[in-house]
Amino acid sequence: MESAMNRAAAILVLACLAAHPRGARAERSALAAMVDDAEEQARLLTPLRADVTAEIEGAKGKSQDRIVLVVRNDPAPKGGVQTYVEFEKAGVKVLVLGPAEAWISDGGKVRKAALDTQIAGTNWTVEDLLPFDVTRCGSTRIVDSRPEQMTLACEAERKGPSQYVLTVYKMDREKAVPIQVLYYKESMNNLVKMQRAQGYEKVGAKWRPSHVEMRDFKLRTKDVLDLRWEQDPKFPPEIFDPKSLSDRSLTAKAPAAAAR
């Protein structure tokens with residue numbers, strides 16, 4: 001139902017733009033402004049860390065886990081955002097260095113990860129960790145525009161690396177952050193997952209959510225994450241080196257001091 005509504009809205013918008021050149025220019029300007037603001041939100045002033053309490057309802061049942069998430073800017077010029085994720089109980093670590101490079105450590109074995117690699121029995125894949133980036137879209141358009149929200153449709157390139165043919169972002173216009181993401185696979189009528197984020201708060205001058213849910217419609221499962229953020233955390237830089245991915249841990253407890 002929602003997929004059909006989104007497609008109908010997109011057709012209506014495109015028809016209006018074709019009939020009204022001034023409206024087309026206004027829409028392009030509004031789209032460009034939202035894209036710029038969203039990408040600015042993704043760029044970090046300092047690294048950020050989130051300590052996460054997770055209620056995971058995956059294919060193998062329900063579980064709880066503690067997660068540590070660290071995000072930083074790629075040290076390389078014009079690089080994007082890099083993400084490190086560690087699951088304490090599952091013993092899984094994920095390192096996303098960019099849209100074309102990701103690594104996963106499971107049981108102490110490190111291997112390259114594809115965008116559609118499932119993470120620790122959750123409803124998340126590696127691709128779901130990537131921030132909004134219009135360069136990953138074959139085409140982008142506005143499908144709905146309201147005073148407080150703007151909905152953007154990101155169609156993947158036909159032979160691109162994405163596992164999704166369409167990703168629909170509902171953006172908070174003031175904060176320029178996604179409050180809902182819809183994921184479509186194989187066809188634009190096949191809605192497979194939905195991510196929702198709320199409780200946004202300023203962390204290091206950037207908006208970050210305190211509550212995130214990911215729902216898989218096919219499996220009828222859902223993950224619920226509660227996040228507590230901190231700015232400019234202490235962490236060993238080696239966690240962003242794939243060669244050291246299995247050697248470092250941010251969830252391991254420090255050994256107790258020996259009695260004197």
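The minimum heavy-atom distance between Val212 and Ala197, with the atom names listed, is CG2-CB, 4.2 Å. Thr140 and Cys137 make their closest contact through OG1-CB, 3.3 Å (heavy atoms, listed as atom of the first residue, atom of the second, distance). The minimum heavy-atom distance between Glu155 and Leu166, with the atom names listed, is CG-CD1, 3.8 Å. Residues Tyr84 and Ser249 approach most closely at OH-CA, 4.5 Å, considering heavy atoms. Of all heavy-atom pairs spanning Ala176 and Asp37, the tightest one is CB-CB, 3.5 Å. Pairing each heavy atom of Leu45 with each of Ala205, the nearest pair is CD1-CB, 3.7 Å.
Side-chain contact between Tyr183 and Met214 is present, with heavy atoms from C-beta onward closer than 4.5 Å. A heavy-atom distance below 4.5 Å is found between the side chains of Gln231 and Leu48. Within the 4.5 Å cutoff, side-chain heavy atoms of Val224 are placed close to those of His211. Looking at heavy atoms from C-beta onward, Phe235 lies in side-chain contact with Val70 at the 4.5 angstrom threshold. Glu148 places none of its side-chain heavy atoms less than 4.5 Å from the side chain of Glu174. Counting only heavy atoms from C-beta outward, the side chains of Leu115 and Leu130 approach each other to under 4.5 Å. Side chains of Thr151 and Val168 form a contact here, defined as non-hydrogen atoms less than 4.5 Å apart. The shortest side-chain heavy-atom distance between Leu152 and Ile142 falls under the 4.5 Å cut-off.
Seen from the ring of Phe240, Arg72 counts as a face-on cation partner, given the 6.0 Å and 45° thresholds. Cation-pi check for Lys175 over Tyr200 is not met; the charged atom does not lie both under 6.0 angstrom from the ring centroid and within 45 degrees of its normal.
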Check the pair Leu129 / Ile119 against side chain to side chain contact (heavy atoms under 4.5 Å, CB included), numbers first and verdict last. CA-CA 10 Å; Leu129 298 175; Ile119 300 176; 3.7 Å; yes
Side chain to side chain contact (heavy atoms under 4.5 Å, CB included) between Val52 and Val68, worked out: CA-CA 6 Å; Val52 185; Val68 174; over 6 Å; no
The test is side chain to side chain contact (heavy atoms under 4.5 Å, CB included); show your working for Asp216 and Trp124 and say whether it passes. CA-CA 9 Å; Asp216 188 306; Trp124 295 74; over 6 Å; no
CA sep, side-chain torsions, deciding dist, call: Lys93, Asp106, salt bridge (Lys or Arg N to Asp or Glu O under 4.0 Å): CA-CA 7 Å; Lys93 302 172 188 175; Asp106 190 353; over 6 Å; no
Given Tyr164 and Thr125, is the side chain to side chain contact (heavy atoms under 4.5 Å, CB included) satisfied, shown in steps? CA-CA 11 Å; Tyr164 305 115; Thr125 66; 3.8 Å; yes
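Salt bridge Arg66/Asp51: present, at least one basic N to carboxylate O contact under 4.0 Å. Between Arg228 and Asp226 there is no salt bridge, since none of the side-chain N atoms of the basic residue sits less than 4.0 Å from a carboxylate O of the acidic one. A salt bridge between Glu157 and Arg136 is absent, with no side-chain N of the basic residue lying under 4.0 Å from a carboxylate O of the acidic one.
Remark: the Asn189 side chain and the Ser187 side chain contain no N/O donor-acceptor pair separated by less than 3.5 Å.
Remark: the backbone N or O of Phe217 is not paired with any side-chain donor or acceptor of Lys193 at under 3.5 angstrom. Although no hydrogens or angles enter the test, the distance criterion places no donor-acceptor pair under 3.5 Å between the side chain of Asn123 and the main chain of Arg215. Side-chain atoms of Trp103 never come within 3.5 Å of backbone atoms of Asp241 as a donor-acceptor pair (strictly under, hydrogens ignored). For Gln41 (side chain) and Trp207 (main-chain N/O), a donor-acceptor pair under 3.5 Å exists by modelled atom type. The backbone N or O of Glu40 lies less than 3.5 Å from a partner atom in the side chain of Lys206, making a donor-acceptor pair. One N or O on the side chain of Glu86 and one on the backbone of Leu250 form a donor-acceptor pair closer than 3.5 Å. The backbone N or O of Ala90 lies less than 3.5 Å from a partner atom in the side chain of Asp65, making a donor-acceptor pair. Remark: side-chain polar atoms of Glu127 are paired, donor with acceptor, to backbone N or O of Gln163 under 3.5 angstrom. Between the side chain of Asp223 and the backbone N or O of Glu57, at least one donor-acceptor pair lies under 3.5 Å. A side-chain donor-acceptor contact under 3.5 Å links Ser210 to the backbone of Gly199.
In this structure, Arg173 places its CZ atom where more than 12 heavy-atom neighbours from other residues, nucleotides or ligands lie under 6.0 Å away.
Taking the six-membered ring where tryptophan is involved, the planes of Phe132 and Tyr169 are perpendicular, since the angle between them exceeds 60° and thus also 30°.
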